[in-house]
Amino acid sequence: MHGIRPCPLTARRNGPLRGRARVPGDKSISIRALILGALTVGETAIAGLLEGEDVLNTAQTLRALGAAVQQCGGRQWRIRGVGVGGFAAPAAPLDFGNSGTGCRLMLGAVGGCPVTAEFDGDASLRKRPMRRVLDPLERIGARTLNSADGRLPLTLVGARDPLPIVFEPQVASAQLKSAVLLAGLNAPGETVVIEREATRDHTEKMLTHFGAQVRIEAAGASGVNGRRITLTGQPELAPAPIVVPADPSSAAFPLVAALLTPASEVVLEGVMLNPLRTGLLTTLKEMGAAIEEVQRRTEGGEEVADLLVHASALRSVEVPASRAPSMIDEYPVLAVAAAFAEGTTVMRGLKELRVKESDRLAATAALLKENGVEVEIEGDDLMVQGRGRAPGGGLVATHMDHRIAMAALVMGLASERPVKIDDGSFIATSFPGFVELMRSLRAELSG
Ligand code: S3P
């Protein structure tokens, strides 16, 4: 279990990174595949599921709610669903560990069913705001009990007669949108979510894949990437096989490591290129990164490609706030890349980073400072002074945050002196096998 025995790790500069690797399955799609599979009538086969702790914890909560979830080996899973509205009351609290996505999506799925469940998680998840999800769920008819300040642990009493609502989220969040759509599945009539800025659309795509009616229209002023999503409630979801493509948010770490390590040449296979997830690729290319997308193809309803990455000299850029939804999880590793670029990189509109697995804005700035990089936070913006090199030599506090841990190790692979992290155990929440995969590319990581 986490937090009991921390696992320090050190990364140091070595020769070039070389080779081919496939990072694990996408976390967002894996969690949704399990949840929607559990709401179908019949058996869904999932190939390439991410077997990270966030996903395993979600699987366990679905079992507690009555779905049959079976791991068949080779990342193949089978799930026998209970049908929309069919969850049974769990006998014990549902423990989501470190997973905000698992927890928020399941708040929605349970909130639309006539069952009561306790929701809990680890110390990081207990700090994260759930009010943003609970407010619309209460409009749908769910009730929250025993929650201090809208945080875990809490008890959710699901709606007996859920109401369809029209909801306009105040923050750009796919988790929030998905929670409302999942609750709306069991409401009669149309549930509508109006997004000012489009966020990852895996829930909508997968709902359609399982036979629900989802209509997507442009919304908002012209030039704004807003969307109006309308779900027709109470469908019978039919099982359909799911193939999970490789997670671009995980690929980001070996990708940036290869860019920053002189003479590297790495191929990352089958990386998902859903346009609402490719902000990092856009930004790195603007910075001068040599990334080629080869063999574009479709896998599991998503566009994927092999990414051929060559070490590159990078220049600074200004990243607009409007790009945040499509690269929200990639800022820590982008900040590391920015340290090795020439000039000041400005990343705007990072407010949401403060409520991730850690205060990621503060943790990213601290990771850079600790390794001799000049950095400033101004309001919700992050400014990194790139000098083409970084001293390194720091000990980075990871704050139970997998992406801070991996970003710090990437820094250590390229900086002059090694970088140590206090605890690498949380990497397994999203990227089991990270250390082995990086070593297979000749990175030097030690315990
Ligand atoms: C996710 C949405 C994002 C992202 C998270 C996964 C999802 O969170 O940070 O890692 O699968 O919907 P928000 O929706 O809170 O921005």
Side-chain angles (χ1 to χ4, degrees), residues 24-36 49-50 52-55 57-58 96-109 121 124-125 127-136 150 167 169-182 193 195-207 227 229 244-245 247-253 272 274 276-280 302 321-334 349-361 363-364 380 400-407 426-427 429-431:
D26 187 67
K27 176 156 73 76
S28 296
I29 292 185
S30 295
I31 289 176
R32 286 160 173 80
L34 289 174
I35 297 175
L36 283 175
L49 192 84
L50 165 64
E53 287 178 16
D54 281 7
V55 181
N57 282 325
T58 304
F96 291 90
N98 195 252
S99 180
T101 307
C103 180
R104 295 207 178 103
L105 268 57
M106 287 300 294
L107 281 168
S124 153
L125 193 56
K127 285 190 200 151
R128 300 181 66 184
M130 297 296 156
R131 226 333 103 204
R132 52 177 63 186
V133 180
L134 298 172
D135 280 341
F167 177 58
Q170 294 307 300
V171 283
S173 164
Q175 294 180 357
L176 180 45
K177 163 179 64 179
S178 302
V180 170
L181 292 174
L182 288 168
V193 179
E195 295 191 296
R196 276 186 225 147
E197 292 170 277
T199 62
R200 64 189 72 191
D201 57 0
H202 308 304
T203 302
E204 299 89 301
K205 285 177 101 168
M206 210 181 288
L207 279 165
R227 287 186 173 185
I229 301 139
V244 184
D247 193 331
S249 298
S250 295
F253 299 102
M272 179 170 64
N274 178 307
L276 295 166
R277 299 284 299 277
T278 49
L280 178 72
E302 295 285 358
S322 59
R323 199 173 293 161
S326 68
M327 58 176 296
I328 192 68
D329 291 335
E330 280 66 80
Y331 284 101
V333 79
L334 175 65
L350 306 189
K351 188 161 177 225
E352 273 299 295
L353 288 198
R354 295 192 186 277
V355 291
K356 294 293 176 190
E357 285 81 334
S358 65
D359 175 345
R360 239 178 223 170
L361 187 50
T364 300
D380 297 330
M400 305 177 80
D401 188 328
H402 52 132
R403 299 201 200 279
I404 294 298
M406 290 184 278
F426 285 87
I427 291 172
T429 60
S430 68
F431 199 155

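First listed ligand is number 1; within each ligand, the first listed atom is number 1.
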Within 4.0 Å of some non-hydrogen atom of D329, the atoms of ligand 1 are 4 (C), 5 (C), 9 (O), 10 (O)
Residues R131 and P136: closest non-hydrogen pair is O-CD, 4.5 Å
Would S178 count as being in polar contact with ligand 1, using the rule that some N or O on each side must be under 3.5 angstrom apart? no
Note to self: Under a 3.5 Å threshold, yes or no: a donor from one side chain and an acceptor from the other, between T199 and K177?
What the structure shows: yes
With the threshold set at under 4.0 angstrom, would you say K356 reaches ligand 1 through any of its heavy atoms?
yes
Closest to atom 11 (O) of ligand 1 among protein heavy atoms sits S28 OG, 2.6 Å
Here the atoms of ligand 1 under 4.0 Å from any heavy atom belonging to T101 are 1 (C), 5 (C), 6 (C), 7 (C), 11 (O)
Looking at M327, R104, R132, R32, the heavy atom closest to atom 12 (O) of ligand 1 belongs to R32
(message) If you count every heavy atom of other residues, nucleotides or ligands that lies below 6.0 Å from K205 atom NZ, does the total exceed 12?
(response) yes
One finds that the ligand 1 atoms under 4.0 Å from a non-hydrogen atom of A174 are 12 (O), 14 (O)
When every non-hydrogen atom of L50 is compared with those of S30, the smallest separation belongs to N-OG, 3.1 Å
Exercise. Just checking, any donor-acceptor pair under 3.5 angstrom between side chains of H402 and S430?
Worked result: yes
Counting from 1 in the order shown, the ligand 1 atoms closer than 4.0 Å to a non-hydrogen atom of K27 are 10 (O)
- Query: Measuring from the heavy atoms of K177, does anything fall under 4.0 Å of ligand 1?
  - Reply: no
- Short question: side chain of R128, backbone of V355 - any donor-acceptor pair under 3.5 Å? yes
inquiry  = Between R104 and L176, is there a side-chain heavy-atom distance shorter than 4.5 Å?
reply    = no
If you compare R128, E357, Q175 by their heavy atoms, the one closest to atom 2 (C) of ligand 1 turns out to be Q175
